[in-house]
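What follows is one structure encoded as structure tokens, with my remarks underneath.
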Number of protein chains: 2
Amino acid sequence: MNVKATLFVKTDCRDCPIRHRAVCSRSTADELEILDRMKTYRTYEAGQTIIWAGDQVQFLGSVVSGVATLSQTMEDGRRQMVGMLLPSDFVGRPGRESAPFDVVAATEVTLCRFQKSAFERLMVQSPAISRRLLEMTLDELDSAREWMLLLGRKTAREKIASLLSIIARRDASLHLQPISGNVEFDLPLSREAMADYLGLTLETVSRQVSALKREGIIELQGKRHINIIDFATLLNETGDDTDGGIWT
Amino acid sequence: MNVKATLFVKTDCRDCPIRHRAVCSRSTADELEILDRMKTYRTYEAGQTIIWAGDQVQFLGSVVSGVATLSQTMEDGRRQMVGMLLPSDFVGRPGRESAPFDVVAATEVTLCRFQKSAFERLMVQSPAISRRLLEMTLDELDSAREWMLLLGRKTAREKIASLLSIIARRDASLHLQPISGNVEFDLPLSREAMADYLGLTLETVSRQVSALKREGIIELQGKRHINIIDFATLLNETGDDTDGGIWT
DNA sequence: CCGGGGATTTGATCTCGATCAAGGTGAAAA
DNA sequence: TTTTCACCTTGATCGAGATCAAATCCCCGG
């Protein structure tokens, strides 16, 4: 833990997000140097597709700012979001030719990117990177499986409450703030994107948000700014057990 | 590929499944030796819970025979299966204290187990193991995300057709047979387990299976033995694009 | 061969969320 | 300022799948 902190401070990669730094955290200074020199930034505007499912992708990287979505679409247009990428999340698959899902910028998004081939070469030299990526991928897998419970078994109201509490939590952890009582944040997703994430229609999302507002559990300022009156009360609506589980 | 095949033959671990062998496939003979000496077998009867969510688990391993399920349950009893473990699938998380989900034997299950601490020590020495586990975990993550599309957006009939085609495919690949035309296999899951996997009730599962039978797309022998009359016809009912996608 | 009990099927009815259809809102362009 | 357009809300109705309630099947022990 101390080692991690030390390396965290040592790295020059100051403008890169926490989790990307964490990827490098057990590497040597040399390796950090190499990663650092490889990196480039690119910004995508809201609504832009960053990666199409099936594309050959030449880079890996992580989200510096903004929110991107991972989703898939059936031929008839039904769409399901399968993940949300927030600052510090890793993007891309080492060792894979083509992307399995669409990556779309929900807000303006800046990525810190590495050339895929160079990163993969570095992975072979530095086993710590593979171990760290394994750890991160296991976390993502657990999150995906938690989401399967939501999609398969939760009611519309529970789905909305769960989504709001997750976004609130991730937003708070981004600003390194504790979470309790009153919580405020901007929704990075449109009603339609929320529907795609939750396996609902946008009308149902709108109705459930209105219901939570009517019942005084949340307040809205505009369409996108949410004020959770009391976080614990919202949690009661999620259907989850009280302790909060694995979502961060 | 040749290297893999060679090592495949070299290892003494003959009774262990394909994918577990794959974990070792890029390791040295020494490392294989160590893994081989560590391994023990254990058999669980159908219905038995192998791991409870939250348990401290002291082993890792892979499924040798039988089918196990990964699932989570809400306090009020709603249950969602989040994965199915077939022969060759890896069980357990290196580097994790406690299990995130229940693992239950759907049929009689035999596991090949390694002591977790010993395996983790081996992982540090042999970077290839981490890389291989990362690859496998990425596959699982993609599968989980495909399943999210099913849970969030597919109709009951599409869900049933998808499940049958996945089980048929995995069963065929287990016996190293190609899949096309007429396909026969035993369902390893009860109607209730199928419902838990698909986010449906057992009555809906039963009705949809009956409908597929009535329409001549499948035949039943007993409750559990399925005969898919023409695999391509069943695929048409899944809602997936024609090429089959990532499911193996 | 017979009875018991879990697993499955089938039927009747209900309900939550989808669908169809107008409106409202607010920020940016004209 | 007015227009416009994308986004969101609200209302009315519908229908797929849930729920409640019996049968029926079948495997197993006696």
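Below, read A as the first sequence line, B as the second, and so on, with proteins coming before strands; counting in each chain starts at 1.
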Reckon [X] has a side-chain N or O less than 4.0 Å from the OP1 or OP2 of [N]?
| X | N | answer |
| --- | --- | --- |
| B:S190 | C:dA7 | no |
| A:T155 | C:dC16 | no |
| B:S206 | C:dT9 | yes |
| A:T201 | C:dA18 | yes |

If you measure from the Lys or Arg side-chain nitrogens to the Asp or Glu carboxylate oxygens, is any gap between B:K154 and B:E237 under 4.0 Å?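 Between B:E237 and B:K154 there is no salt bridge, as every charged N stays at least 4.0 Å from the carboxylate O atoms.
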I'd like to know if B:R191 pairs up with B:D196 as an ion pair, taking the criterion as any Lys NZ or Arg NE/NH1/NH2 lying under 4.0 Å from an Asp or Glu carboxylate oxygen. no
Let me spell it out: for each of A:V205 and B:T204, pick the nucleotide of DNA chain C with the closest heavy atom. Which residue's pick is nearer the 5' end? B:T204
At less than 3.5 Å, do the side-chain atoms of A:Q208 and the base atoms of C:dC16 form a donor-acceptor pair? no
Any N or O donor-acceptor pair under 3.5 Å from the base of C:dG11 to the side chain of B:R207? yes
Determine the contact category for [X]: base if any of its heavy atoms lies under 4.0 Å from a base atom, sugar-phosphate if only primed atoms, P, OP1 or OP2 are that close, otherwise nothing.
| X | result |
| --- | --- |
| B:G47 | nothing |
| A:R224 | sugar-phosphate |
| B:L200 | sugar-phosphate |

With A:Q56, which of A:K116, A:E97, A:R96 fulfils side-chain hydrogen bond (donor to acceptor under 3.5 Å, both in side chains)? A:E97
Heavy-atom closest contact (B:T69 atom, B:A106 atom, distance): CG2-CB, 4.0 Å
